[in-house]
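Have a look at the structure below before the remarks.
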Amino acid sequence: MTKLGVFALVFFLIVSTSLIKNSTKDLDDQIYSIKENIFFLEDRLKDSKLEFDYLSSSEKLVEYQKLYF
């Protein structure tokens with residue numbers, strides 16, 4: 001009986017460890033994907049803000065035109 005109990009315990013621990021490891025790997029993949037999307041969207045946001053700031057001020061555009069052209 002004790003050999004069967006020890007075998008069942010070891011088998012349960014092995015199965016639970018593999019399940020936990022796989023779920024952790026899936027979570028890590030999801031976190032990595034989300035972080036990459038965030039970095040990409042932050043970069044696009046910075047570009048959009050710069051473009052908006054540049055195009056929203058007509059006086060500055062005129063100043064830049066006089067200064068550089």
Side-chain angles (χ1 to χ4, degrees):
M1 182 73 174
T2 59
K3 288 183 182 179
L4 183 61
V6 170
F7 176 74
L9 179 64
V10 170
F11 183 74
F12 173 74
L13 290 175
I14 290 172
V15 169
S16 63
T17 302
S18 65
L19 291 174
I20 291 171
K21 186 177 178 181
N22 285 337
S23 64
T24 303
K25 183 180 177 287
D26 292 340
L27 285 174
D28 285 340
D29 290 341
Q30 289 176 359
I31 289 171
Y32 177 77
S33 174
I34 290 171
K35 281 184 178 181
E36 287 296 316
N37 288 336
I38 288 173
F39 290 140
F40 174 72
L41 292 174
E42 283 178 343
D43 196 32
R44 288 195 52 180
L45 177 65
K46 287 178 186 176
D47 291 342
S48 297
K49 281 184 178 181
L50 178 65
E51 186 176 344
F52 175 76
D53 289 341
Y54 182 75
L55 295 176
S56 65
S57 173
S58 60
E59 295 97 18
K60 285 190 174 191
L61 285 176
V62 172
E63 287 177 23
Y64 290 140
Q65 182 183 13
K66 289 177 183 177
L67 206 91
Y68 296 111
F69 298 108

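Along the sequence shown, residues carry numbers from 1.
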Looking at [atom1] of [X] and [atom2] of [Y], how far apart are the two atoms once the value is rounded to the nearest 0.5 Å?
X: Asn22; Y: Thr17; atom1: CG; atom2: OG1; value: 11.0 Å
X: Phe40; Y: Leu45; atom1: CZ; atom2: CG; value: 12.0 Å
X: Leu41; Y: Ser48; atom1: CG; atom2: OG; value: 10.0 Å

- Are any side-chain N or O atoms of Thr24 and backbone N or O atoms of Ile20, one a donor and one an acceptor, separated by less than 3.5 Å? yes
- Task: Check the hydrophobic clustering (I, L, V, M, F, W, Y; side-chain heavy atoms under 4.5 Å; chains of links allowed) and say if Ile14 and Val6 are grouped together.
- Result: yes
- Query: Does the side chain of Ile31 come within less than 4.5 Å of Lys35's, by heavy atoms?
  - Reply: yes
- Item | Heavy atoms of other groups near Glu36 CD, more than 12 under 6.0 Å | yes
